[in-house]
**Student:** 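Just dropping this structure here.
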Amino acid sequence: MNALIFWKLESDADGIAWLALDKPGTSANVLSSEVLVELGALLGDLAAAPPRALVVRSAKPSGFIAGADIREFTAFKGPEDAFALIRAGQAVLDRLEALPCPTIAAIHGFALGGGLELALACRYRIAVHDESLALGLPEVQLGIHPGFGGTVRTVRLVGVRPAMELMLTGKPARADKALAIGLVDRLVNAQELQSAARAMARDPPRARRAPLLERLLSTAPLRPFVKTALLRQLAARVRREHYPAPYAMVDLWARYGARGPASFEAEARSIAELFGTPTARNLIRVFMLQDRLKASAGKSAVPMKHVHVVGAGVMGGDIAAWSALRGFTVTLEDRALEYIQPALERARALFQKRIQDPAKCAAASARLSADAAGAGVAAADVVIEAIFEDLDAKRTLYARLEPRMQAHAWLATNTSSLTLEPLAAQLARPERLVGLHFFNPVAQMPLIEIVRSETTDTAVAQAAAAFARRLDKLPLPCRSAPGFMVNRVLMPYLHEAMFAAQEGVPYAVIDAAALEFGMPMGPIELADVVGLDVASHVGEIIAAELGRAAPDLSQLKRRVAAHKLGKKTHEGFYVWKNGKPMKPLAHGGAAPVDLVDRMILALVNECVACLRERVVEDADLIDAAVIFGTGFAPFRGGPLSYARSVGVASITQRLAALAQRYGSRFRPDTGWALLT
């Protein structure tokens, strides 16, 4: 055959063939059409002259195979085009499965999506047992489902319940779980991967299949009962009209039981139809936006090893803990040790949850230390201020910090509402100040706003973005403005919920209306999660800066005065038990017919104002900011994407009608013309 571009094939003295994927010009392997075509030709040659065994592996240090090339998904002209590509990919993996010799996937790092489907087409799977191992089928997060036989082979291998958990959530299985459910046959140390694969090739064991009970659950008489249970679980999490893909997976299994050639063709037909849905188009777009944020960070020549955090409250303490988890040496400062200790305890819980290896867990704990005296400032490369939102208090702190910082070090503020220019006004080197706005909870929220003032040095902003990527976060470059990007647009949404509450609409009804639209949680619950003290203070600052009408916040302030701050104190608008809000059964009738418009269009209109003011570079970044910073219904593609799908004329007419009824806060922003 022709010279190989993507694959490298070697044979050893034992007659074992070693097939390695190394896609040029990328840090991770993906299964593009070209990669699959070349693999198909190779497998044809191997079928004609079978080796003793075939071992499939990756030549990339990062991992096995990250999945299909998602960019190809955006080029489909219609369902038949998608069906043809999917069936071609299935045919290649069918050829791998049909080889008349033992086939072994030797996996390190990740095997995701199409990468795991390729491994499932092998007879055996051996994986490196470490924290980087992640075996998953995350297609549901793109609004689709596995298409290269994954909906069939996963069920056959591990059974319907483990397979559905893997596919319906999109969450990867880590090492121990992968072994426990039978997704891999063996776990080995990295140094043993090749020798373990060779040993299995020489003496292949019996091929694994699903346990007897799981096989029985896939029989025709029992499938309807299992389907009912699966649909009940799904309905509690997502709506079919919002996210059709998980329901399609259940339907496929219920009809075919992961049996016969028809199940593969039906999988291909189903995914081809899903590619054409608005949900899939929007979720694939969201994936691309995520990639854009990752790529925007670039690299920085500024050294970054030691992080000093001032303020051991919830945000500061969790920023410190996450930084230590990601490998930085961290010192955490507050007025006295008693204020730092709770943050250290939360950090230990985080490390124990995230790190399986006790030695590595202890190492993470050792990287984080209490520093009430602030001695770490002089050694730090990055100093992060995370104290309360008060201009004078922050300036006083900066006056103490700046003279002790190293010449190359930069100062970051986690302020969520104050503009940077007043904060930098009294600094000797205002160009070293940058905003590094994390979101709560730090361990879960992926976005960090990288905020530049008029004086912030470009190199400092680049260093801050690079720091965010080292924390495995998504950096969003934005300019200094009231509330920056996310809080600026979130406040009108929260305030409109407060206006509705003042009118007598029950909190649970308000939240239910937002969930109906597709938000991950309602605005009342969100305020409790953010913290009523923070929501109140930040909301007042932003409203004052922008001259916006604000609701009566007296009820909220009474709760704050009584230290009922929301989730963190176990009571706010709701009582919280075991981390969940105890919402009373909705009473008082249905939500007002215009409630969703009031909340969502208030947010969207503010997004247009941010576009007009160029708070961020363009409309795509606004959508990315609101999705990754607030969880705005991802299947809608972001607030501005949603506005375009509805129609700018329609949205502005609805805003004008709301303005007539409720006042000027709904007046359409002059920037709407930028979206037409």
Side-chain angles (χ1 to χ4, degrees), residues 19 21 29-33 35-37 39-40 42-44 47 54 56 64-70 72-73 82-99 103-105 107 111-125 135-140 142 144-160 162-168 170 172-173 178 181-184 207-210 214-215 218 245-246 248-275:
L19 183 60
L21 177 57
N29 288 320
V30 292
L31 290 181
S32 64
S33 298
V35 169
L36 284 167
V37 166
L39 175 61
L42 270 169
L43 293 172
L54 173 67
V56 184
F64 187 64
I65 302 171
D69 187 344
I70 292 172
E72 292 185 351
F73 298 168
F83 177 74
L85 184 142
I86 293 297
R87 284 297 273 171
Q90 285 184 346
V92 173
L93 298 195
D94 287 349
R95 190 174 290 180
L96 173 61
E97 185 176 53
L99 282 179
T103 50
I104 303 160
I107 302 166
L112 302 171
L116 181 57
E117 290 181 285
L118 187 147
L120 291 170
C122 294
R123 197 178 303 174
Y124 310 104
R125 285 148 298 281
L135 309 183
L137 296 166
E139 288 88 348
V140 71
L142 298 175
I144 55 176
H145 55 59
F148 292 156
T151 65
V152 179
R153 291 190 177 98
T154 314
V155 174
R156 290 180 180 176
L157 180 66
V158 303
V160 59
M164 284 296 172
E165 181 185 355
L166 202 65
M167 294 188 291
L168 296 179
I181 66 175
L183 201 55
V184 296
R208 186 189 291 266
R209 63 173 179 161
E214 294 293 339
R215 298 202 302 274
S218 281
M249 279 187 267
V250 174
D251 292 343
L252 282 171
W253 169 79
R255 183 172 181 184
Y256 296 98
R259 287 180 167 86
S263 61
F264 288 93
E265 182 175 353
E267 176 192 78
R269 287 284 178 203
S270 176
I271 190 175
E273 293 296 330
L274 287 170
F275 274 122

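Since we're looking at a predicted model, the values are computed, not measured.
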**Student:** With no hydrogens and no angle check, is any side-chain donor or acceptor of Glu267 less than 3.5 Å from a backbone partner on Gly149?
**Tutor:** yes

**Student:** When you measure from the side chain of Gln90 to the backbone N and O of Gly147, does any donor-acceptor pair fall under 3.5 Å?
**Tutor:**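 Here the side-chain-to-backbone pair exists.
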
**Student:** Could you tell me whether a side-chain N or O of Ser270 sits under 3.5 Å from a main-chain N or O of Ala266, the two making a donor and an acceptor?
**Tutor:**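 Answer holds: no.
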
**Student:** In terms of side-chain heavy atoms, does Trp253 have a donor or acceptor partner in Thr151 at a distance below 3.5 Å?
**Tutor:**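 Distance-only check fails for Trp253 and Thr151.
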
**Student:** Tell me every residue that passes salt bridge (Lys or Arg N to Asp or Glu O under 4.0 Å) with Glu273, counting only those two or more places apart in sequence or in another chain.
**Tutor:**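 None.
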
**Student:** Which residues satisfy the side-chain contact (heavy atoms from CB on, under 4.5 Å) test with Arg269, sequence neighbours excluded?
**Tutor:**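 Testing Arg269 for side-chain contact (heavy atoms from CB on, under 4.5 Å), a comparison that skips the adjacent residues, returns Glu80, Phe83, Glu265.
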
**Student:** With no hydrogens and no angle check, do the side chains of Ser32 and Glu72 hold a donor and an acceptor under 3.5 Å apart?
**Tutor:**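 Judged by distance alone, the side chains do not pair up.
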
**Student:** Partners of Asp69 by salt bridge (Lys or Arg N to Asp or Glu O under 4.0 Å), sequence neighbours excluded?
**Tutor:** none

**Student:** Answer yes when Asp94 and Arg153 have at least one side-chain N-carboxylate O distance shorter than 4.0 Å, and no when they do not.
**Tutor:**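 Arg153 and Asp94: salt-bridged.
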
**Student:** Under the side-chain contact (heavy atoms from CB on, under 4.5 Å) test, which residues partner Arg123, sequence neighbours left out?
**Tutor:**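 Scan of Arg123 (side-chain contact (heavy atoms from CB on, under 4.5 Å), adjacent residues dropped) gives Pro102, Thr103, Ala207.
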
**Student:** Report, as yes or no, whether the 6.0 Å neighbourhood of atom CZ on Arg255 holds more than 12 heavy atoms from other residues, nucleotides or ligands.
**Tutor:**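 Open: at most 12 neighbouring heavy atoms sit under 6.0 Å from CZ of Arg255.
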
**Student:** Is any side-chain heavy atom of Leu99 less than 4.5 Å from a side-chain heavy atom of Leu96?
**Tutor:** yes

**Student:** Sequence neighbours left out, what passes side-chain contact (heavy atoms from CB on, under 4.5 Å) with Ala105? Give chain and number order.
**Tutor:** Phe64, Ile107, Ala119, Cys122, Arg125

**Student:** Using atom types as modelled and distance alone, determine if a side-chain donor or acceptor of Arg156 lies under 3.5 Å from a backbone N or O of Ala258.
**Tutor:**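 At least one qualifying donor-acceptor pair exists.
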
**Student:** With sequence neighbours left out, what residues match Arg95 under salt bridge (Lys or Arg N to Asp or Glu O under 4.0 Å)?
**Tutor:** none

